[in-house]
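Remarks on the structure that follows.
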2 protein chains.
Amino acid sequence: MLTQEELFGKCPYATSQKILSGKWALIILFHLRDHKYRFNELQKALPDITQTTLTKQLRTLEAYGMITRTVYPQIPPKVEYELSALGNDFSAVLDSLEAWGNKYIEHQQHLSHLPMPQNDFR
Amino acid sequence: MLTQEELFGKCPYATSQKILSGKWALIILFHLRDHKYRFNELQKALPDITQTTLTKQLRTLEAYGMITRTVYPQIPPKVEYELSALGNDFSAVLDSLEAWGNKYIEHQQHLSHLPMPQNDFR
DNA sequence: CTGGATCCCCTCGGATACTG
DNA sequence: CAGTATCCGAGGGGATCCAG
């Protein structure tokens, strides 16, 4: 029997899980669906992400073929990130995710407590 | 400015990210959309998950209000898991995610290499 | 301006053993 | 059957410093 890792590229859910597991993956894809972003612009758009982390996330998404990275060989450097074809297809997921997320938020408003973080079983 | 953590319950993407970040979250939700599952049945359905891990994931999803846990006070114990109302709403996301995931898999077939895991920049 | 190189820390997933 | 109690290692996120 295959492990979940080996299901990458075979099962759509295992595949999606790996690609989206990054803490910033969804928000980056959401921003990039509108237009291209330069590295600096992206960092400003994401409130509290460091350079190192943003670089890692972008490289990961690029490795998965979700985004493209264009380097303009000039001084000062200019690098633009945009969605690949596969990344553009992801817009449908973002739409349903946004719709569901908003409904989730709305329905959780009247709850007295927010969910506890994982591994917290009080 | 709010950190990403504080956006939980406000931004649909930050909210979704936290709920779906679990390694098994998507696959568990996918299985539960069909029918109820007992703990043991779920463990058999998921190839290589341990009891401890499955328990954690289920508790997390329950804390987020995605699933409900019903305990039948009998010997031997019987516990059933099923989607909550919010969890059922998530089916739309699962549909688009499955459609996109399959397209992603198909388009990656002709690539010579699979994406490298994160932090692996060879 | 864009990010590479290090180092650190903490969380999460998992292994193992035990229990009502 | 369905967990709980521990312990552990890996690795992902982040801080800091440096570089073309």
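Just so you know, these numbers use all the heavy atoms, side chains as well, and skip hydrogens, waters and symmetry mates. A, B, ... follow the sequence lines: proteins, then strands. Residue 1 opens every chain. Just so it is clear, the model here is predicted, and its values are computed rather than measured.
By the 30° and 60° cut-offs, the orientation of the rings of A:His31 relative to A:Tyr37 is perpendicular.
Among the nucleotides D:dG3, C:dT2, D:dC1, the one closest to any side-chain atom of A:Val79 is C:dT2.
Whole-Å rounding puts the B:Lys78 NZ to D:dG3 P distance at 13 Å. Put simply, CD1 on A:Ile75 is 13 Å from P on C:dG3, counting in whole angstrom units. Between the P atom of C:dC1 and the CG atom of A:Leu42 lies a distance of 15 Å, rounded to the nearest Å. Rounded to an integer number of Å, the gap from B:Phe39 CZ to C:dG20 C1' is 15 Å. Atom CD in A:Gln43 sits roughly 9 Å away from atom P in C:dT2 (whole-Å rounding). Between the P atom of D:dG12 and the CD atom of A:Gln17 lies a distance of 11 Å, rounded to the nearest Å. Going from atom CG of B:Leu20 over to atom P of C:dC12 covers 15 Å, rounded to whole Å. In this structure, the CD atom of B:Glu80 is 15 Å from the P atom of D:dC1, given to the nearest Å.
At C:dG3, one or more side-chain N or O atoms of A:Tyr81 fall inside 4.0 Å of OP1 or OP2 (strictly under the cut-off). A sub-4.0 Å separation between OP1 or OP2 of D:dA2 and a side-chain N or O of B:Arg69 is absent. Phosphate proximity of C:dG14 to B:Trp24: present, with a side-chain N or O under 4.0 Å from OP1 or OP2. Distances shorter than 4.0 Å separate some side-chain N or O of B:Arg38 from OP1 or OP2 on D:dA2.
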So which protein N/O to nucleotides 15-19 of chain D N/O distances come out below 3.5 Å?
unit_1	atom_1	unit_2	atom_2	d
D:dA15	N6	A:Thr52	OG1	3.3
D:dT16	O4	A:Thr52	OG1	2.6

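Side chains of A:Ser96 and B:Asp95 form no contact here, defined as non-hydrogen atoms less than 4.5 Å apart. Inter-residue side-chain proximity for B:Thr70 and B:Lys36 is flagged as unmet; no heavy-atom pair is nearer than 4.5 Å. Annotation: side chain of B:Arg33 is not in contact with side chain of B:Phe90 (no heavy-atom distance under 4.5 Å). Counting heavy atoms from C-beta outward, A:Gln4 and B:Ile27 have side chains that approach closer than 4.5 Å. With contacts defined as side-chain heavy-atom distances shorter than 4.5 Å, the pair A:Leu42/A:Ile49 does not qualify.
End-to-end axis angle of the helix from C:dC1-D:dG20 to C:dG20-D:dC1, from C1' rotation axes over five pairs per end: 50° (rounded to 10 degrees).
For the pair A:Gln4 and A:Pro76, nearest-nucleotide mapping onto DNA chain C gives the more 5' position to A:Pro76. Positionally, the nearest nucleotide of DNA chain C for A:Pro77 lies more toward the 5' end than for the other of A:Pro77 and B:Lys18.
Contact record, A:Ile105 with B:Gly9: CG2-O, 2.9 Å, taken as the closest heavy-atom pair. A:Tyr104 and B:Met66 get closest at one heavy-atom pair: CE1-SD, 4.2 Å. For the residue pair A:Lys103 and B:Asp89, the shortest heavy atom distance occurs at CD-OD2, 3.2 Å.
Neither B:Tyr72 nor B:Ile67 shares a network with the other; the hydrophobic side chains, linked directly or stepwise wherever heavy atoms of I, L, V, M, F, W or Y lie under 4.5 Å apart, form separate groups for each.
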